[in-house]
Novice: 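Got a structure here, written out as structure tokens. Questions coming.
Side chains included, hydrogens not; waters and symmetry mates left out as well; all remaining heavy atoms used. Remember, it's a predicted structure, so these values are computed and weren't measured experimentally.
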Amino acid sequence: MIGRLGLDKESDGRAPTAKEMSDYRSSLAKRRPAYYGRVAGYFASPATRSTDAQGRTLFHFAAMPKETVMVGDTDLSDHVAGDVLVDTSGNTPFLSEVRFHSTTPTRVKLIAKIDRFATTPRYRLLPYGKPVPMEFESEMSGSLLGKSGTIRTRITFSDYRRAGK
């Protein structure tokens, strides 16, 4: 149960203790969950508009609003550009991709350096018109305590079911 709540401990199938639930609830304020609706806040910053090869509308943001891209408690937003692709091929326009990528190398707490950072969540519309995550890709390269390397992640989503039906 605790693992499902997003806590770092394993629960072995048991219900969380009162302290574990309290710790989890207090940690929620620090978390910045990714979700489709958050993208609306990006449009508070200046963007350029163009059309890509597939006819989708592309909004490019040279810098992201404060606290948009966080690594732990370090804000990378000043060093990250973003692109939002709007798919208008169907009856309902929707954001099909949101891409972030670093514009300059960045230090994180004097122990890490991010040389390159890119992340792309992709979305699709369900038959009843709700957007859902389809895929999430990210790549980060840099160094931590003098050791350099690259981390690549790809998460895919499937088996969508309408909640409550």
Novice: Taking all atoms of both residues into account, what is the closest heavy-atom pair of Val132 and Leu126, and its distance?
Specialist: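 Closest approach of Val132 to Leu126: CG1-CD1, 3.5 Å.
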Novice: If every non-hydrogen atom of Phe136 is compared with every non-hydrogen atom of Pro121, which pair is closest and at what distance?
Specialist: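 Heavy-atom minimum between the residues: CD1-CB, 3.8 Å.
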Novice: Quick one: hydrophobic cluster around Leu145, which other residues, with the 4.5 Å side-chain cut-off, linked directly or via members?
Specialist: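 Reading the cluster by chain and number, Leu145 sits alongside Ile111, Leu144.
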Novice: Could you state the interatomic distance from OG (Ser22) to OH (Tyr24), rounded to the nearest 0.5 Å?
Specialist: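 It comes to 13.0 Å.
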Novice: By the rule that ILVMFWY residues connect when side-chain heavy atoms come within less than 4.5 angstrom, directly or transitively, which residues belong alongside Leu110?
Specialist: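 None, because no other hydrophobic side chain comes under 4.5 Å of this residue.
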Novice: Nearest 0.5 angstrom please: Glu135 CD to Glu97 CD, how far?
Specialist: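 Taking CD in Glu135 and CD in Glu97, the distance rounds to 8.5 Å.
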Novice: Check whether any side-chain heavy atom of Val86 sits under 4.5 Å from a side-chain heavy atom of Arg49, and report yes or no.
Specialist: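 SC-SC contact between Val86 and Arg49 ruled out.
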Novice: Specify the closest pair of heavy atoms between Arg116 and Ser102, including all atoms of both residues, with the distance to one decimal.
Specialist: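 Scanning both residues, the minimum pair turns out to be CA-OG, 3.4 Å.
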Novice: Among pairs that include at least one residue of residues 79-122, which meet ring pair (Phe, Tyr, Trp, His ring centres under 6.0 Å), considering only residues two or more places apart or in two chains?
Specialist: Tyr42-Phe100
Novice: Would you call Ser50 and His60 a side-chain contact if the rule is heavy atoms closer than 4.5 Å?
Specialist: no
Novice: Rounded to the nearest 0.5 Å, how far apart are CG of Leu125 and CE of Met134?
Specialist: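 Rounded to the nearest 0.5 Å, the CG-CE separation comes to 11.0 Å.
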Novice: From the options Thr119, Thr153, Ile114, Thr150, select the one residue that forms a side-chain contact (heavy atoms from CB on, under 4.5 Å) with Met140.
Specialist: Ile114
Novice: Report the distance from atom CG of Leu58 to atom OG1 of Thr48, rounding to the nearest 0.5 Å.
Specialist: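 Result: 7.0 Å between the selected atoms.
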Novice: Under the side-chain contact (heavy atoms from CB on, under 4.5 Å) test against Leu85, which residue among Val98, Asp52, Thr57 passes?
Specialist: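 For Leu85, the side-chain contact (heavy atoms from CB on, under 4.5 Å) test succeeds with only one of Val98, Asp52, Thr57, which is Asp52.
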Novice: Please tell me if the side chains of Phe157 and Arg122 come closer than 4.5 Å, counting only heavy atoms from C-beta onward.
Specialist: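 No, side chains not in contact.
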Novice: Are the side chains of Tyr123 and Asp87 in contact, using a 4.5 Å heavy-atom criterion?
Specialist: no
Novice: Output the distance between atom OG (Ser138) and atom CD1 (Ile151), rounded to the nearest 0.5 Å.
Specialist: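 One finds 8.5 Å between OG of Ser138 and CD1 of Ile151.
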Novice: Less than 4.5 Å apart, any side-chain heavy atom of Ser77 and any of Lys66?
Specialist: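 Heavy-atom side-chain distance check fails, nothing below 4.5 Å.
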Novice: Out of curiosity, Leu95 CG to Arg56 CZ, how far, rounded to the nearest 0.5 Å?
Specialist: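 So the gap between those two atoms works out to 11.5 Å.
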Novice: Tell me the closest heavy-atom pair linking Asp78 and Thr103, and the distance in Å.
Specialist: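 Distance-wise, the nearest heavy atoms are O-OG1, 4.4 Å.
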